[in-house]
2 protein chains.
Amino acid sequence: MGDSVYICNRYTVVYRAELFSTMPRTLPKHATAEDMKYVQDTLYVISGKWKMLIILAICAGNNRFKDIQRAIPRITTRMLSKELKELEQNKLVTRRVYDESPVLIEYSTTAYCKSFGAIIHEMIRWGKEHRKIVKK
Amino acid sequence: MGDSVYICNRYTVVYRAELFSTMPRTLPKHATAEDMKYVQDTLYVISGKWKMLIILAICAGNNRFKDIQRAIPRITTRMLSKELKELEQNKLVTRRVYDESPVLIEYSTTAYCKSFGAIIHEMIRWGKEHRKIVKK
DNA sequence: CCGGATCCTATCGGATACTG
DNA sequence: CAGTATCCGATAGGATCCGG
């Protein structure tokens, strides 16, 4: 009981509520199966080869398709197009069309996207530590 | 200049140093291409369908192969075996062999693994927010 | 300039069978 | 019990071509 089935874009996973009752103190104290969904969501939203780089490229001031592409070596138009669409669906990026001729399209990150900062910080910290640990 | 090529298990990516000079304040202030490697590392270590669940299952007190497998619905022996090996390489899990008969093998999470708590917390927070945002 | 459509490959993960 | 080996389908990502 308490188990839940959760479907994210990638996977169907069954979470057993009992897994979350006895976690050590340094992991979330009373995490629930519900919580795990959120972790999977977050992971899904930012995983993939290009997503983080695209976000950072836009943050760096590249607002047009070609500019973003130029800023990220080796990315193909197919991938950039696909990932931008996903980022837009997830409200991390907005796409604005200016009806001039030729048509002008601008991408920008949302304020919400910036709420991401804390996670990025944590990941930098942890990843840095990780290199040291694994090297040993 | 300042660009770097980085190979993690999954991808070969080129980071352009210039991407990181003008990021908004709510993202890391002076993140470098170096920092992005760490983010990718972290992402890689915990991504995949089962890794987080395995960590949590062990935290919950399942220390033997069969116990972990029973705790995680639908995981196959192949996947559990494979992921445990990776987690061990990344020092998140230790494998101990007790030479009794029949042989007894125990998995446990490392203290290092628990340093992960902050990221999990952040991901829960962000993922929760995300559901609300995307629903609208 | 901004992509969509098509085809292809490599990797991820599942099913099943088998072993010390 | 604690896995390994083999085969296989699904999907992520790449290459290329085309169109508004």
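Proteins get letters first, then strands, A, B, ... in listed order; numbering begins at 1 in each. Just so you know, these numbers use all the heavy atoms, side chains as well, and skip hydrogens, waters and symmetry mates.
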Ring pair (Phe, Tyr, Trp, His ring centres under 6.0 Å) partners for Trp126(B), two or more places apart: Tyr112(A), Phe116(A), His130(B)

Going by atom types only, do Thr110(A) and Thr94(A) share a side-chain donor-acceptor pair under 3.5 Å? no

Without decimals, in angstroms, what is the distance between Lys66(B) NZ and dG3(D) P? 10 Å

Give the rounded distance in Å between these two atoms: CG of Leu87(A) and P of dG3(C). 13 Å

Arg10(B) has an atom CZ; how far is it from atom P of dT11(C), in whole Å? 11 Å

Starting at CD of Glu106(B) and ending at P of dC1(D), how long is that distance when rounded to a whole Å? 14 Å

Whether Lys82(B) contacts dC12(C) is assessed here as follows: a side-chain N or O lying under 4.0 Å from the phosphate OP1 or OP2. Is that the case? no

Given the rule in the salt bridge (Lys or Arg N to Asp or Glu O under 4.0 Å) test, do Lys37(B) and Glu34(B) qualify, once you have shown the distances and angles that lead to the verdict? CA-CA 5 Å; Lys37(B) 296 185 196 177; Glu34(B) 209 62 20; 3.4 Å; yes

note: Leu84(B), atom CG; dT4(D), atom C1'; distance rounded to Å ~ 14 Å

Strictly below 4.0 Å: does Lys85(A) bring a side-chain N or O up to OP1 or OP2 of dG4(C)? yes

Nearest atoms (heavy-atom pairs only) where Ala33(A) meets Tyr15(A): CB-CB, 3.7 Å

Inter- and intrachain pairs under salt bridge (charged side-chain N to carboxylate O under 4.0 Å, His left out), touching residues 105-115 of chain A, at least two apart: none

Ranking Val103(A) and Tyr11(A) by the position along DNA chain C of their nearest nucleotide, the one closer to 5' is Val103(A)

The bend of the helix from dC1(C)-dG20(D) to dG20(C)-dC1(D), taken between the axes of its five terminal pairs at each end and rounded to 10°, is 40°

Applying salt bridge (Lys or Arg N to Asp or Glu O under 4.0 Å) to Arg70(B) and not counting sequence neighbours gives Asp67(B)

Keeping Thr109(B) on the side-chain end and Val93(B) on the backbone end, is there a donor-acceptor pair under 3.5 Å? no

How many whole angstroms separate atom NZ of Lys49(B) from atom C1' of dT11(D)? 13 Å

Taking Asn90(B) for its side chain and Val45(B) for its backbone only, find out whether a donor-acceptor pair lies under 3.5 Å. no

Using atom CG of Asp99(A) as one end and atom C1' of dC2(C) as the other, report the distance to the nearest whole Å. 14 Å

Taking atom CZ of Arg131(A) as the centre, does the number of heavy atoms from other residues, nucleotides or ligands within less than 6.0 Å exceed 12? yes

Contact list (N/O, under 3.5 angstrom) for nucleotides 18-20 of chain C vs protein:
none

So if I take residues 71-81 of chain A and measure heavy-atom distances to DNA chain C, which residues fall below 4.0 Å? Thr77(A), Arg78(A), Ser81(A)

Taking only side-chain N and O atoms of Arg95(A), does any of them lie within less than 4.0 angstrom of OP1 or OP2 on dG3(C)? yes

Please confirm whether the backbone N or O of Ala57(B) pairs with a side-chain atom of Asn62(B), one donor and one acceptor, at under 3.5 Å? yes

Distance check: side-chain N/O of Arg64(B) vs OP1/OP2 of dA2(D), anything under 4.0 Å? yes

Passing candidate, side chain to side chain contact (heavy atoms under 4.5 Å, CB included) with Val39(A), options Glu122(B), Met123(B), His121(B): Met123(B)

Measure from the side-chain heavy atoms of Tyr107(A) and tell me the nearest of dG13(D), dC1(C), dG3(C). dG3(C)

Let's see if you can work this out: which of dC1(C), dG3(C), dG3(D) has an atom nearest to the side-chain heavy atoms of Phe65(A)? dG3(C)

Does Ile7(A) offer a backbone N or O that forms a donor-acceptor pair with the side chain of Thr12(A) under 3.5 Å? no

Separation of atom CD1 in Ile68(B) from atom P in dA2(D), rounded to whole Å: 9 Å

